[in-house]
Amino acid sequence: MSAPGDTIGVFDSGLGGLSVLSSIARSLPGADLIYFADTAHVPYGNKSDAFIRDRVLKIGRQLVEHGCTMIVVACNTATAAAVSALRESLPGVPVVGVEPGIKPAAKASKSGRIAVLTTTSTARSERLSRLIRRHAAALAVDVLPCPGWATRVETLQLDDAGFAEDVRQHLAPTLAAGADRIVLGCTHYAFLTPVLEPIVAGRALLVDVADAVARQCQRLSSAPATAGRGRLTLLASADPGRLPAALAALGLTRLAAQLAAPARLAAV
Ligand code: DGL
């Protein structure tokens, strides 16, 4: 019999956290994974802090009731608004948050200018301002809210020439000013890499933290990486059938192969 592994609960407003889940599954192939998509309330990026905090606390509690031994807030917006409150409400359960990779971007930048792409909520958060003050005080940092981008990923409308042109125009000023690292400050934007990469090519590199988050999960895990059965459970607060369909559409075939059962509706 294999040694028991962790059960890691990973959640986001919708599909974005699947980019983080995919890295975690690679780093801890034995861990059982429960992914919760708050599809009844996506996007979070235009909601109030109080609303997001309420959702985060309810979802965290529910994941622990499902047997999770570690929680990953696979959403920059939810981390900024509520990771501290979640840690307080779940003493004894490791909680890993996701924050924009300002630190690695600032370290790697040669031009002294970086940009961070975020939701409207993350852009105005005190947590992001603090992160920038701590790790990039000596650099120019362009904070670019990108309203509508997460919804674009949710609807899986990724290769649309009109959208690519909007993205090009949104990034043009920061690229023209010399930004050489573009931080993906929303987990949904990892799935926009095919749109973003040709736009920044030759001028800047994209910075994503999914692999760093997975390494943090590995450090906090109480079990060897291969312990457990590596089963994936998908839960959603609305329309759960969209999740397995999204795994296929987003090219996450390895995760699809770990599915233990059909995706379920979870009333949270
Ligand atoms: N994926 C989320 C993030 O990392 C939130 C997107 C949204 O729901 O607006 O910020």
Side-chain angles (χ1 to χ4, degrees), residues 9-24 35-56 58-60 71-86 95-102 105 115-129 131-132 143-158 163 167 170 182-193 195-196 206-214 216-217 234-239 242-243 246-247 250 252 268:
V10 180
F11 73 93
D12 180 36
S13 57
L15 304 179
L18 292 172
S19 58
V20 178
L21 183 74
S22 168
S23 290
I24 295 171
Y35 186 80
F36 180 89
D38 198 7
T39 37
H41 302 99
V42 66
Y44 281 173
N46 59 5
K47 307 280 193 308
S48 70
D49 284 3
F51 179 89
I52 297 167
R53 197 171 311 123
D54 181 59
R55 295 305 300 154
V56 166
K58 285 187 175 133
I59 295 164
I71 305 288
V72 180
V73 185
C75 173
N76 295 262
T77 306
T79 299
V83 76
S84 308
L86 185 63
V95 173
V96 179
V98 173
E99 289 189 310
I102 299 292
V116 52
L117 311 178
T118 70
T119 64
T120 307
S121 171
T122 302
R124 64 160 188 260
S125 69
E126 175 51 30
R127 222 180 151 93
L128 179 62
S129 308
L131 202 62
I132 292 172
V143 178
L144 301 182
C146 307
W149 288 20
T151 303
R152 167 75 51 171
V153 174
E154 285 300 308
T155 53
L156 297 172
Q157 292 173 278
L158 302 178
F163 177 62
V167 172
H170 202 52
I182 309 292
V183 179
L184 304 182
C186 167
T187 52
H188 279 73
Y189 303 165
F191 295 117
L192 295 177
T193 299
V195 177
L196 288 163
L206 303 177
V207 178
D208 184 35
V209 296
D211 288 343
V213 171
Q216 176 68 354
C217 293
L234 296 176
L235 304 173
S237 53
D239 205 0
R242 282 185 54 227
L243 286 175
L247 291 184
L250 297 170
L252 302 171
V268 180

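Counting convention: from 1, in listed order, for ligands and their atoms alike.
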Residues passing the ring-ring contact (aromatic ring centres under 6.0 Å, His included) test with Phe191, sequence neighbours excluded, are none
Nearest heavy atoms of Ala150 and His188, plus distance in Å: O-CD2, 3.5 Å
Quick one, Val72 and Cys217 - any side-chain contact, counting heavy atoms below 4.5 Å? yes
Which residues pass the salt bridge (charged side-chain N to carboxylate O under 4.0 Å, His left out) test with Asp239, sequence neighbours left out? none
Flag this pair as yes if the NZ/CZ of Arg55 is under 6.0 angstrom from the six-membered ring centre of Tyr44 and inside a 45 degree cone about the axis; otherwise no. no
Would you mind writing out the side-chain donor-acceptor pairs for residues 45-52 within the sub-3.5 Å range, not counting sequence neighbours?
from: Lys47; atom 1: NZ; to: His41; atom 2: O; distance (Å): 3.2
from: Lys47; atom 1: NZ; to: Pro43; atom 2: O; distance (Å): 2.5
from: Ser48; atom 1: OG; to: Phe51; atom 2: N; distance (Å): 3.1

Within the 4.0 Å heavy-atom sphere of ligand 1, strictly under, residues: Asp12, Ser13, Pro43, Tyr44, Gly45, Cys75, Asn76, Thr77, Thr119, Ala150, Cys186, Thr187, His188
